[in-house]
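Single-structure report; data block below.
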Amino acid sequence: MISKTKLKELAVYKQQKRCDDESVFVVEGVKMCDEILSANLPIKVLCATNLWFSKHNFAPNNDTFFEVDNEALERLSGMKTPNEVWMLLDRSAVSRCECGTNTDRSAVSEKLRHSSAEAPLILALDHLQDPGNLGTIIRTADWFGIRHIVCSHGSVSCFNPKVVQSTMGGLLRTTIEYCDLPQYLARCGKPVFGALLDGESIWGGKTLSLPEEGAVLVIGNESRGITPEVQQYVTHRVTIPNLGGTAESLNASVACAIL
C-alpha cells in the first residue's frame with residue numbers, strides 16, 4: 001500500500017498551478033486511463049485499487065505503481081466519485097505546442113502555418129474559457145476526424161483536469177496548439193469561417209462550401225463571441241439560424257458541433 005508520505009506528496013497535484021509549474025497533468029478513471037495504456041504513453045505515477053491491478057495484469061511496485069484503497073484515491077482525486085485509477089503524466093508525453101511564452105511569435109506562426117497546410121478543416125478557438133466546452137469540442141473533433149485545433153492565448157488549457165476527462169481520449173489524437181490567433185490567421189493561407197450572429201445561414205447559404213484548400217473555422221468566447229482582432233481576418237461570416245426564435249444563444253461546443 002502507498003505510504004502516507006507519498007500520498008501527501010501526490011495529493012498536491014489536485015492544484016492546477018502545481019501541475020502547470022511542473023508541466024504534468026492528471027488522468028483519472030478506467031476509460032481515460034485505458035486510453036493512456038493503449039497509446040503506450042510513459043506514466044510518471046499510477047495509483048490504483050487492487051481491483052484495477054487484478055483486471056489489468058499489473059503489479060504495484062511502490063516506485064511508480066502504487067496500490068491505494070478508496071479512501072486514499074479520494075484524497076488524490078479531483079472527481080466527485082473517484083474511479084479505481086489515477087495517473088500522473090508529463091505533458092511532453094502528448095504531442096502539444098503551448099506556444100508563445102518564450103518563443104518568437106512570428107516563428108511560431110510560421111511553424112503553425114506549415115504544420116496545418118494539408119489539414120482540410122482546422123478549428124480555431126478564440127478565448128474559449130469553459131473547460132467542459134473545450135473538452136467536448138476536442139471529443140467532437142475526434143469523432144469527425146479533425147486533428148488540428150488552434151487556440152488563442154488566454155484560452156483554457158487543454159490539460160485542465162475537466163478538459164482531459166471530457167475529451168474521452170480525444171486529447172491523445174488531436175494536435176492542440178496555443179498561439180497569437182490573429183497572427184496565425186493572417187498567415188495560414190486558408191479561408192477563415194467565423195461563427196457570428198450576423199453571418200450567412202449555414203442552411204441554404206449560397207456561398208458556403210468547404211474550399212479545396214481547406215479552411216479554418218473560428219469559434220468565439222462563450223459570452224463575447226469572436227474578438228474584433230480576430231474578426232478582421234474572417235473571410236466568411238456564418239451563423240446557425242434560430243428557428244425557434246426564443247433562445248438567446250447556443251452553447252459554444254454545441255454550435256461548434258453543428259457547424
Side-chain angles (χ1 to χ4, degrees), residues 95-100 105-128 133-156 158 167 170-222 224-243 249-259:
S95 177
R96 297 291 173 267
C97 182
E98 298 271 357
C99 303
R105 292 195 174 186
S106 62
V108 167
S109 183
E110 189 67 15
K111 172 188 178 296
L112 297 183
R113 186 174 69 83
H114 285 297
S115 68
S116 60
E118 302 303 319
L121 184 62
I122 298 160
L123 290 180
L125 307 179
D126 186 12
H127 288 83
L128 204 75
N133 279 337
L134 178 56
T136 301
I137 286 172
I138 295 170
R139 182 178 180 181
T140 303
D142 185 28
W143 176 267
F144 284 107
I146 296 170
R147 302 300 175 201
H148 200 156
I149 298 175
V150 179
C151 300
S152 65
H153 294 301
S155 295
V156 63
C158 62
T167 67
L171 180 70
L172 309 179
R173 296 179 288 272
T174 308
T175 298
I176 303 160
E177 305 182 274
Y178 289 75
C179 66
D180 182 311
L181 189 54
Q183 187 180 87
Y184 167 76
L185 295 175
R187 299 165 66 91
C188 70
K190 294 177 181 288
V192 179
F193 289 73
L196 295 156
L197 290 175
D198 63 351
E200 181 178 2
S201 169
I202 62 168
W203 296 342
K206 296 179 180 179
T207 63
L208 299 182
S209 60
L210 189 65
E212 287 186 7
E213 67 270 34
V216 179
L217 171 61
V218 182
I219 304 296
N221 174 270
E222 290 87 345
R224 298 186 299 276
I226 299 174
T227 60
E229 294 79 10
V230 169
Q231 282 194 42
Q232 65 180 316
Y233 296 105
V234 171
T235 58
H236 298 70
R237 301 168 76 93
V238 298
T239 194
I240 301 166
N242 183 354
L243 300 185
S249 63
L250 280 171
N251 171 273
S253 62
V254 172
C256 182
I258 293 170
L259 291 167

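In this chain, numbering begins with 1 at the start of the sequence shown. Quick caveat: nothing in here was measured; it's all calculated off a predicted structure.
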Search all heavy atoms of [X] against all heavy atoms of [Y] and return the closest pair with its distance.
X      : Y      : value
Pro182 : Tyr233 : O-CE1, 3.6 Å
Ser152 : Tyr178 : O-CD2, 3.9 Å
Lys190 : Glu213 : NZ-O, 2.8 Å
Gly214 : Pro191 : O-CD, 3.2 Å
Phe193 : Pro211 : CE1-CD, 4.1 Å
Leu125 : Ser155 : O-OG, 3.6 Å

Can you tell me how far apart [atom1] ([X]) and [atom2] ([Y]) are? Round to the nearest 0.5 Å.
X      : Y      : atom1 : atom2 : result
Asn221 : Thr227 : CG    : OG1   : 9.0 Å
Leu181 : Cys188 : CG    : SG    : 9.5 Å
Trp203 : Thr239 : CH2   : OG1   : 10.5 Å
Phe144 : Leu123 : CZ    : CG    : 10.5 Å
Arg237 : Leu197 : CZ    : CG    : 9.5 Å
Thr175 : Arg147 : OG1   : CZ    : 9.5 Å

Please answer whether the main-chain N or O of Ile226 pairs with a side-chain N or O of Gln231 as donor and acceptor at a distance below 3.5 Å.
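Yes, the answer is positive, given that a donor and an acceptor are paired below the 3.5 Å cut-off.
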Would you confirm whether His127, through its side chain, and Val156, through its main-chain N or O, come within 3.5 Å as a donor-acceptor pair?
no
Going by heavy atoms in the side chains, are [X] and [Y] under 4.5 Å from each other?
X      : Y      : result
Pro120 : Ile146 : no
Leu128 : Cys151 : no
Thr167 : Thr174 : no

Could you go through the side chain to side chain contact (heavy atoms under 4.5 Å, CB included) check for Val230 and Leu185 one step at a time?
CA-CA 8 Å; Val230 169; Leu185 295 175; 3.6 Å; yes
Using distance only, find each side-chain donor-acceptor pair of residues 134-141 under 3.5 Å and give its atom names and separation, not counting sequence neighbours.
| unit_1 | atom_1 | unit_2 | atom_2 | d |
| --- | --- | --- | --- | --- |
| Thr136 | OG1 | Gly132 | O | 2.8 |
| Thr140 | OG1 | Thr136 | O | 2.8 |

